[in-house]
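In what follows, every heavy atom counts, from backbone to side chain, and hydrogens, waters and symmetry copies are set aside. Here is the naming used below: chain letters follow the sequence lines, and residue numbers restart at 1 for every chain.
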Amino acid sequence: MIDILLTGEPLNINDCIQKVLAPEAGGIDVFIGTVRNATKGKQVLRLEFEAYEPMALSEMRKIADKAFGIWPLHHIVLHHRTGILAVGEVPVVIAVSAAHRAAAFDACRYIIDTLKETVPIWKKEVFEDGEVWVAAHP
Amino acid sequence: MIDILLTGEPLNINDCIQKVLAPEAGGIDVFIGTVRNATKGKQVLRLEFEAYEPMALSEMRKIADKAFGIWPLHHIVLHHRTGILAVGEVPVVIAVSAAHRAAAFDACRYIIDTLKETVPIWKKEVFEDGEVWVAAHP
Amino acid sequence: MTVKVLAFGIVRDIFGGSSIDVPLEPAATSATLKANLELRFPKLAKLSSYMVAVNNEYAHEPVELHPNDEIAIIPPVSGG
Amino acid sequence: MTVKVLAFGIVRDIFGGSSIDVPLEPAATSATLKANLELRFPKLAKLSSYMVAVNNEYAHEPVELHPNDEIAIIPPVSGG
């Protein structure tokens, strides 16, 4: 099962985990991204996430499909949030269940690594004295 | 912060996650072990976990200390359950927070891999027609 | 022909809006579009990188554009 | 001297209880204990492996035993 979500509402971590539970699964790996209070030593006030929604959903699904093609998995949940997030809030939750833990770990890591490379979602870091679109400039 | 627990009560996954959240952390990796319904194609009715408690706690702490020595981490929660567990129940939860995700993934995987090698906890698989201590025989 | 080009993230700031109309010769490609946009918005060429997406797919190679295509400029992504 | 040896998992089944008393010569080591136990419980030698723990530490090398040590036989672990 693949469950993809892009939402302006807070993500429900527990719900993501419940969705990947399966009697055939022995291992679940969950990655939770959280908004850090600082970047390169500078205090972050908040993050603003923006997505090109139809394409982001399509790219998220491609990643999950690809993971299913590589590893023997049971379920993948991939939820990403948009909008304004305060420090400590959760922009992304990825939960993967598999019969054996190695596949769950490898797939979960592949999904977050690939998401950060290909999914059209952007974050702007907002500081006391300005703001910057992350990764936009060399 | 290191939080180690060995308990006969059901593990609280959400509680484990809440404990590792930190404003300085950007990535959390969580491993959840679950009781599978089958092993080598044979239906499992339940698992029975037994621990040599003082030594298990000591070895669990050693693993967490070692992980803190290897990776830049914020918090580690390592909870393991004992007693009789039905299919779908959770024998182990490991949650690790770090500023960057690679450290969280690497440490979480190291902790479960090492736990399975060194921590004196044993499981007995109970089938329709018998039971077996896992890994006891070649 | 004229194509509508969607903008996100820093490209929205560069374009000064969430989309712009771009007049192009018939059978123009995503590569022509990039050249055209970089002339009009020199800041675009200063990004770490950017991609054209056509109908929700990255144009890794130049693809021919049509007036009804959904075209978007994708600056370096930073989700997660 | 006599030492008390704790048993877990399959070793509890082999010993027929959660601990046994083992008479040993003074200054006996964990290696002596293993040899002694394998004579008394041949099934012990048939395990994939097993370790002696003394005062909650694995005896990776033979260590001298004392009457008040907490000694345990650790069959292959299978937690997680």
Chain C contact via [X] - side chain, backbone, both or neither, heavy atoms under 4.5 Å:
| X | answer |
| --- | --- |
| Glu48(A) | neither |
| Val119(A) | backbone |
| His80(A) | side chain |
| Trp133(A) | side chain |
| Ala51(A) | backbone |
| Lys124(A) | neither |

Check your understanding: For chain C, which of Thr118(A), Val90(A), Val132(A), Val92(A) has the most heavy-atom pairs under 4.5 Å?
Key ->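 Option with the top pair count is Thr118(A).
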Point to revise | Max heavy-atom pair count under 4.5 Å with chain C, selected residue of Pro120(A), Ala136(A), Pro54(A) | key: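 Result: the option with the highest number of such pairs is Ala136(A).
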**Study point:** Atom of Lys46(C), atom of Pro138(A) and distance for their closest heavy-atom approach
**Key:**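 Between these two residues, the closest heavy atoms are O-CD, 3.6 Å.
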Point to revise | chain A neighbours within residues 48-80 of chain C, where any heavy atom lies under 4.5 Å away | key: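 The residues closer than 4.5 Å to chain A, in numerical order, are Ser48(C), Ala53(C), Asn56(C), Glu57(C), Tyr58(C), Glu70(C), Ala72(C), Ile74(C), Pro75(C), Pro76(C), Val77(C), Ser78(C), Gly79(C), Gly80(C).
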Check your understanding: What residues of residues 16-28 of chain C sit under 4.5 Å from chain A when only non-hydrogen atoms are counted?
Key ->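 Result: none.
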Review point. Is atom NZ of Lys4(C) surrounded by more than 12 heavy atoms (other residues, nucleotides or ligands) closer than 6.0 Å?
Key: no
